[in-house]
Number of protein chains: 2
Amino acid sequence: MKPDTVIKEELIIETALRRFVHFGFGKTTFSEIAKDLGISQQNLYYYFPDKKSLVSKAVANVMSCFLEVMQAKINSTGDLADKLVGMIEVKESFFEKYFMLAVERPYEVQYERDELLEILRKAENRQTELVLAEFERAMKKGEIKKQDPVKAATPLLKALTAMQGDYRNMHVVPDHKSIHALFDTQKALIAIYVSGLKNFQAPCNN
Amino acid sequence: MKPDTVIKEELIIETALRRFVHFGFGKTTFSEIAKDLGISQQNLYYYFPDKKSLVSKAVANVMSCFLEVMQAKINSTGDLADKLVGMIEVKESFFEKYFMLAVERPYEVQYERDELLEILRKAENRQTELVLAEFERAMKKGEIKKQDPVKAATPLLKALTAMQGDYRNMHVVPDHKSIHALFDTQKALIAIYVSGLKNFQAPCNN
DNA sequence: TTTTGACTTTTAAATTAAAAAGGTCAAATA
DNA sequence: TATTTGACCTTTTTAATTTAAAAGTCAAAA
């Protein structure tokens, strides 16, 4: 693949993303994207074998950017609560910009073993890994009690994911105020939860 | 209203509930309920002016029973975490029995200012009140740091509600194992969260 | 007071037709 | 050879129409 082609691919993704972010995957057609680019619909097929692959690539771009920013935030100084709250803030900024992509996730659920779902799953796993690593670090530093990091982190992760999911499942476009309220609640939850881990040892019920 | 009629109404509700629990509101017809009772469909209209009111009364019965059991559980001895975990256990036992009613909540959402939604909202509010009362009690007893009980309880309540919502929104019938896992996670969350409130003072950001 | 038969209205499910979007390929262009 | 398009086909959505079933009414019988 020549660099020329790569540049064009990136241009296509960029253009498509603008529509995806505004209207969602379902309400964006291939021919609309082509029109935006000033090329024929069929020509798009030269660069992307089908719509799904364009959607996947676009989402992959966003997610890799997201993970990069999140990684950077985590590398900055602060204790466990600071870092987790920082992650929430990164999430909030991306959610504001790209919530349409998040909302449309259920729309794509039917595809099951989809490339797109795989990308989202991987991003989710990566976030979990990052959180777990921070939990371990905090334990080593003595910030929180030493214990199984998975057991310590899972309830929080599940809660945060579920709270996020509330917004995906309300099919109305959420307003900025209620989005902000959600993330604020998440931050409050983190503060109390992490404080709890400072003197709480989960019981070993194997 | 004569006691005779009341008894019959209760019988109808009982019979209808058996179908609602198994098939849901949407897939239970008025004539089926009538057939179960050995009366004509039109006769049902003598006791209930429409289907909605039968559904509402049935759900109200379940909810009042639920709140009664929950109240009893809370009155039993134990610290804040014990009581909250007890509440989760009550929730689990009712969810196992009546999850179909919970699942169908979205189905009824369209009715907006519905009697049924009002009943569910009231039950939800009552639970919140119970939890808040326990938070205040725990503060007075010195179990957790003194602070605004609403601010202390809200993140936990939101998290628990959202986690519950996950199951309402998966349109597949959930299996017992994953239901149990959900409630287990909720219990773990509570344990750590309450522990956190023992030495955590939420910042006053007015 | 309670029950039902005969009826109307409303809502949900199935069918079909039309339109739109997705996708292919061979030929033209550069 | 890499890129682009015209002509064409297939699949998916959407809208319109019908059909069946459930909800609901009411006067009259038990």
Side-chain angles (χ1 to χ4, degrees), chain A residues 1-13 15-20 22-59 104 106-112 114-116 171, chain B residues 1-13 15-20 22-59 103-104 106-116 171:
Chain A
M1 229 185 261
K2 279 185 190 162
D4 235 31
T5 305
V6 173
I7 287 169
K8 190 133 197 188
E9 268 184 23
E10 275 163 14
L11 178 67
I12 292 170
I13 287 173
T15 307
L17 210 41
R18 231 172 281 147
R19 272 192 185 269
F20 290 155
H22 198 90
F23 301 107
F25 308 127
K27 291 197 185 279
T28 299
T29 72
F30 229 54
S31 57
E32 283 171 337
I33 297 166
K35 231 179 273 165
D36 287 352
L37 288 157
I39 63 173
S40 70
Q41 187 197 168
Q42 302 89 310
N43 195 12
L44 260 186
Y45 284 97
Y46 178 75
Y47 297 96
F48 296 91
D50 51 29
K51 190 183 174 185
K52 274 207 281 189
S53 75
L54 174 52
V55 167
S56 296
K57 285 249 172 69
V59 171
E104 278 225 314
Y107 164 85
E108 301 283 331
V109 158
Q110 40 189 318
Y111 291 90
E112 267 305 336
D114 203 20
E115 206 181 333
L116 176 59
H171 297 293
Chain B
M1 228 186 262
K2 280 184 191 163
D4 235 32
T5 305
V6 173
I7 286 169
K8 190 131 196 192
E9 267 184 24
E10 275 163 14
L11 178 66
I12 291 171
I13 288 174
T15 307
L17 211 40
R18 231 171 280 145
R19 273 194 184 268
F20 290 154
H22 198 91
F23 301 108
F25 308 127
K27 290 196 186 280
T28 299
T29 73
F30 231 54
S31 58
E32 282 171 336
I33 296 166
K35 231 179 272 163
D36 287 352
L37 288 156
I39 61 172
S40 72
Q41 186 197 165
Q42 300 91 312
N43 195 12
L44 259 186
Y45 283 97
Y46 179 74
Y47 296 97
F48 295 92
D50 50 30
K51 189 183 174 184
K52 274 208 280 189
S53 74
L54 174 53
V55 168
S56 295
K57 284 249 172 69
V59 171
V103 166
E104 279 225 314
Y107 162 85
E108 302 283 331
V109 158
Q110 40 188 317
Y111 291 91
E112 268 305 336
R113 270 272 133 217
D114 204 19
E115 206 182 333
L116 176 60
H171 298 292

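So that the names make sense, note that chain A is the first sequence line, chain B the second, and so on, each numbered from 1. Given the structure is predicted, the values throughout are model-derived calculations rather than measurements.
- Contact annotation: B:K27 side-chain N/O to C:dA12 OP1/OP2 distance is not under 4.0 Å.
- The NZ atom of B:K51 sits 17 Å away from the P atom of C:dT10 (whole-angstrom rounding).
- Remark: side-chain polar atoms of B:K51 are not paired, donor with acceptor, to backbone N or O of B:T29 under 3.5 angstrom.
- Rounding to the nearest 0.5 angstrom, the gap separating the CZ atom in A:F25 from the CG atom in A:L54 is 9.5 Å.
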Distances under 3.5 Å between nitrogen or oxygen atoms of protein and nucleotides 24-28 of chain C:
none

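- Applying the 4.0 Å criterion to OP1 and OP2 of C:dT2, one finds that B:N43 has every side-chain N and O outside that range.
- Among residues two or more places apart in sequence or in another chain, the salt bridge (Lys or Arg N to Asp or Glu O under 4.0 Å) test is passed with A:E32 by A:R19.
- For the segment residues 30-39 of chain A, the set of residues with a heavy atom within less than 4.0 Å of an atom of DNA chain C comprises A:F30, in numerical order.
- For the side-chain contact (heavy atoms from CB on, under 4.5 Å) test with A:K8, the passing option among A:V6, A:T5, A:I12 is A:I12; the others fail.
- Distance check: B:D36 CG to B:S31 OG gives 9.5 Å after rounding to the nearest 0.5 Å.
- Taking atom CZ of B:F25 as the reference point, atom C1' of D:dA22 lies 17 Å away to the nearest angstrom.
- For the pair A:K52 NZ and D:dT11 P, the interatomic distance rounds to 15 Å; values are reported in whole Å.
- The shortest distance between the side-chain N/O atoms of B:Y46 and the OP1/OP2 oxygens of C:dT2 is below 4.0 Å.
- OP1 or OP2 of D:dT3 has at least one side-chain nitrogen or oxygen of A:T5 nearer than 4.0 Å.
- Between the C1' atom of D:dT5 and the OH atom of A:Y47 lies a distance of 13 Å, rounded to the nearest Å.
- Each end of the helix from C:dT1-D:dA30 to C:dA30-D:dT1 gets its own axis from five base pairs, and the two axes differ in direction by 30°, given to 10 degrees.
- Rounded to whole angstrom, the span from the CD atom of B:Q41 across to the C1' atom of D:dA23 amounts to 7 Å.
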Considering only distance and modelled atom types, tabulate donor-acceptor pairs under 3.5 Å from the side chains of residues 40-50 of chain A, sequence neighbours left out.
residue : atom : partner : partner atom : Å
A:S40   : OG   : A:N43   : N            : 3.3
A:D50   : OD1  : A:S53   : N            : 3.0
A:D50   : OD1  : A:S53   : OG           : 3.4

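- Taking each heavy atom of A:L116 and A:S56 in turn, the nearest pair found is N-OG, 3.6 Å.
- As a whole-Å value, the separation of A:L44 CG from D:dT3 C1' is 13 Å.
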**Prompt:** What do the steps show when you test A:F20 against A:I33 for side chain to side chain contact (heavy atoms under 4.5 Å, CB included), and what is the final call?
**Reply:** CA-CA 10 Å; A:F20 290 155; A:I33 297 166; 4.2 Å; yes
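- In this structure, the separation between NZ on A:K57 and CD on A:E115 is 7.0 Å, given to the nearest 0.5 Å.
- Nucleotide C:dA21 holds its P atom 11 Å from the CZ atom of A:R19, rounded to whole Å.
- The CG atom of B:L37 sits 4.0 Å away from atom OG1 of B:T15, with the distance rounded to the nearest 0.5 Å.
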